[in-house]
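Only one structure is covered here, and it is reproduced in the block below.
Please read all numbers here as calculations on a predicted model, not as lab measurements. Starting from 1, each residue takes its place in the sequence as its number.
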Amino acid sequence: MNATRREVIAGASSLAALSMQRSWAQPSLPQGQDRVFICNEDSNTLTVIDPSSNSVAHTVNLTSFDEDPRPPFRFVTGGVMPTHLAMVRKPLYHGAIDIHVAAPSPDNLLLATTGRGTSNVYLIETASFRVIGNIANAQATETTNKERISNGLLVGREPHEPTFTRNGTELWVTIRGEGKLAIIDVAAAKAGQPAELALRGHLDTINGPAQAWFSEDGKLAFVASQKTSHIDVFETNFDSDGYSRPKRAKTIDIRAQDPRGFTPFLKTSPDGGEVWFSHKLADAVSAWTANSELRPLDTVALGENARPNHVEFVENNQGKAIYISLARVDDGGPGNVAASRIAMIDRSAAAGDRKLVGQFFSMGREAHGLWTNPDGNRLYIAHEQDELPNTPNAGQTVCTAFDVSDPFRPQFITQIPLGELALPSGKLRNKKSINLVYVRPGTTSQAG
């Protein structure tokens with residue numbers, strides 16, 4: 001099966017190159033310059049932030065609006081702009097629905113993002129912002145988009161988190177609605193092959209898988225769930241060509257850490273020694289040894305209704321901290337404006353003694369994704385809710401930036417409104433940010 005697929009990939013490479021040449025040239029930041037990608041679930045876009053200026057540099061369009069000049073295909077029809085909820089229910093719409101999460105490849109050159117409502121995955125080149133599989137629009141005029149949106153890769157019902165293997169040959173996608181993982185051949189997908197050629201197969205796992213993450217050596221995959229209090233551990237067993245032959249090693253009961261069975265996120269520490277899990281409904285996070293034993297080290301309570309989302313490691317010569325984004329929105333933030341908080345744990349403490357050492361306001365509402373730059377001195381945070389009336393960015397979804405040169409004394413830098421995507425028929429406001437990743441193209445990512 002693999003040999004046949006690789007032959008097809010090789011034969012398709014020249015066609016893919018031709019498609020790229022005909023494709024509409026995408027705006028880009030200077031080659032190699034850092035950029036932050038933010039997944040906007042309601043608008044089905046990805047905002048690109050330029051961290052050198054903390055401003056919006058580009059918006060990646062994953063909708064299908066305005067590919068055709070006729071009214072049924074337009075975003076704005078007869079002067080009426082649909083709500084975000086109604087827009088994806090318009091007849092003839094075939095773009096993404098519920099863009100949720102993104103993950104970088106080990107070399108930071110590709111980004112994978114999931115459409116929960118469209119049961120698919122899109123691949124995006126981080127340097128050029130090109131959506132792989134998009135084609136030149138044969139009906140293009142001054143009043144239409146220059147490209148037609150790709151169908152992406154159909155993987156299964158309710159895909160959640162995509163994660164590249166450490167060697168970059170595969171993309172593992174948790175299919176939350178089916179109790180499976182989809183395993184994608186990255187070379188095939190990058191060549192623009194359809195799912196039936198790019199999809200290596202499905203792997204049965206625990207019910208409601210939320211995310212997979214790999215051990216530092218890539219030999220193990222840890223899978224968390226949002227429907228059961230268990231973690232699956234798989235041996236990846238990569239062959240000589242770098243493709244996995246996964247085998248379940250064990251399933252671990254985590255009711256002691258997550259009695260409600262809702263763990264949406266996990267990530268290994270920079271040194272590869274630990275894997276941390278976010279237990280959203282249990283209002284806690286836990287740390288485990290990132291090896292075949294997967295032994296519990298710490299469980300840290302974050303407070304009633306804290307509702308932790310994502311975990312990020314902030315490490316530099318001033319200290320080693322773990323930041324956890326809290327979905328809860330608290331009144332009485334800076335300027336008496338409601339905001340979420342970021343919890344802090346001192347990871348330099350001995351295993352078994354880690355505890356909450358502080359919190360700071362995220363300067364936005366319902367904090368979700370957060371990611372540091374490779375230097376460990378800047379932090380960016382995505383937020384789900386729009387800003388309130390009578391605030392500087394009222395009605396906008398915002399990203400916030402912090403100086404974390406001292407991990408335990410973060411300094412607020414700015415709030416970045418995400419603005420809108422300018423479509424030919426009207427402006428689509430970027431709305432409801434979920435995940436966020438910081439990318440330095442060509443360097444090793446956190447998945448590498």
Side-chain angles (χ1 to χ4, degrees), residues 5 8-9 12 15-16 19-20 23-24 26 37-48 58-67 73 87-90 92-105 109-126 128-137 145-164 168 170-178 180-202 211-212 421 428 434-435 437:
R5 180 169 56 251
V8 173
I9 296 166
L15 292 176
S19 176
M20 288 174 61
S23 181
W24 178 40
Q26 297 292 324
F37 289 86
I38 305 172
C39 298
N40 303 313
E41 187 171 77
D42 282 359
S43 56
N44 298 299
T45 57
L46 278 80
T47 302
V48 183
H58 183 62
T59 298
V60 178
N61 178 22
L62 294 177
T63 76
S64 66
F65 293 120
D66 296 353
E67 292 179 353
F73 301 88
M87 73 179 198
V88 296
R89 290 170 172 80
K90 294 187 73 169
L92 303 172
Y93 179 81
H94 66 98
I97 299 175
D98 298 334
I99 287 298
H100 194 70
V101 175
S105 60
L109 294 178
L110 284 178
L111 195 76
T113 186
T114 50
R116 291 194 307 106
T118 31
S119 301
N120 63 351
V121 178
Y122 297 91
L123 291 183
I124 299 165
E125 294 178 349
T126 59
S128 67
F129 312 137
R130 186 178 76 92
V131 179
I132 292 175
N134 277 12
I135 61 174
N137 183 5
N145 281 328
K146 303 296 188 297
E147 292 184 330
R148 291 182 57 194
I149 185 67
S150 165
N151 288 330
L153 298 166
L154 296 174
V155 292
R157 191 74 178 94
E158 239 293 289
H160 191 230
E161 292 266 1
T163 308
F164 287 87
E170 294 178 346
L171 179 70
W172 289 31
V173 185
T174 46
I175 311 301
R176 198 162 52 179
E178 298 185 21
K180 297 178 180 179
L181 291 121
I183 300 179
I184 295 169
D185 183 331
V186 172
K190 189 176 178 181
Q193 294 303 301
E196 57 265 27
L197 291 174
L199 186 63
R200 298 195 66 232
H202 287 93
Q211 185 183 16
L421 169 67
L428 170 59
I434 304 295
N435 200 16
V437 296

inquiry  = Let me confirm one number: the OG1-NZ distance from Thr174 to Lys180, rounded to the nearest 0.5 Å.
reply    = 14.0 Å
task = Search all heavy atoms of Pro159 against all heavy atoms of Ser119 and return the closest pair with its distance.
result = CD-CA, 3.6 Å
key: Taking every non-hydrogen atom, the tightest pair across Arg157 and Arg116   = NH1-O, 4.0 Å
request  = Test Asn137 against Arg148 for side-chain contact (heavy atoms from CB on, under 4.5 Å), laying out the working first.
outcome  = CA-CA 5 Å; Asn137 183 5; Arg148 291 182 57 194; 3.8 Å; yes
request  = For the pair Thr163 (side chain) and Ala212 (backbone), establish whether a donor and an acceptor sit closer than 3.5 Å, ignoring hydrogens and angles.
outcome  = yes
task = Determine whether Val60 and Tyr122 make a side-chain contact, defined as any pair of heavy atoms from C-beta on separated by less than 4.5 Å.
result = no
task = For the residue pair Asp185 and Gln193, establish whether any side-chain heavy-atom pair is separated by less than 4.5 Å.
result = no
inquiry  = Can you tell me how far apart NZ (Lys190) and CD (Glu125) are? Round to the nearest 0.5 Å.
reply    = 7.0 Å
ask   = Is there a donor-acceptor contact under 3.5 Å linking the side chains of His94 and Glu67?
value = yes
request  = Heavy atoms only: give me the nearest Met87-Phe65 pair and the separation to one decimal.
outcome  = O-CZ, 3.3 Å
key: Heavy-atom closest contact (Gly177 atom, Glu158 atom, distance)   = N-CB, 3.5 Å
request  = Report the C-alpha distance between Ile132 and Leu110 in whole Å, list the side-chain angles of each, state the deciding distance to 0.1 Å, and finish with yes or no for side-chain contact (heavy atoms from CB on, under 4.5 Å).
outcome  = CA-CA 10 Å; Ile132 292 175; Leu110 284 178; 3.8 Å; yes
note = Note: Glu147 and Asn134 closest approach over all heavy atoms is OE1-ND2, 3.0 Å
inquiry  = Which residue in the set Ile149, Leu421, Thr45, Asn120 passes side-chain contact (heavy atoms from CB on, under 4.5 Å) when paired with Leu62?
reply    = Ile149
message = Rounded at 0.5 Å granularity, tell me how far NE2 in His58 sits from CZ in Phe37.
response = 8.5 Å
key: Qualifying residues under side chain to side chain donor-acceptor pair (under 3.5 Å), relative to Ser64, sequence neighbours excluded   = none
Side chain to side chain, Pro162 and Val101, heavy atoms closer than 4.5 Å = yes
ask   = Are the side chain of Thr63 and the backbone of Gly95 linked by a donor-acceptor contact shorter than 3.5 Å?
value = no
query = Just by distance, do the side chain of His160 and the backbone of His100 share a donor-acceptor pair under 3.5 Å?
reply = no
key: Glu41 and Asp98, any side-chain heavy atoms less than 4.5 Å apart   = yes
Residue from Asn435, Thr114, Thr113, Ile434 passing side-chain contact (heavy atoms from CB on, under 4.5 Å) with Ile99 = Thr113
ask   = Does some side-chain heavy atom of Leu153 sit less than 4.5 Å from a side-chain heavy atom of Leu199?
value = no
Minimum heavy-atom distance between Leu123 and Ala189, given as atom pair plus value = CD1-CB, 3.5 Å
Test item: Ile175 and Val173 side chains (from C-beta on) under 4.5 Å apart, heavy atoms = yes
key: Exam field: side chain Asn44 to backbone Ala96, donor-acceptor pair closer than 3.5 Å   = yes
task = Could you check if a side-chain atom of Leu46 sits within less than 4.5 angstrom of a side-chain atom of Leu111, using non-hydrogen atoms only?
result = yes
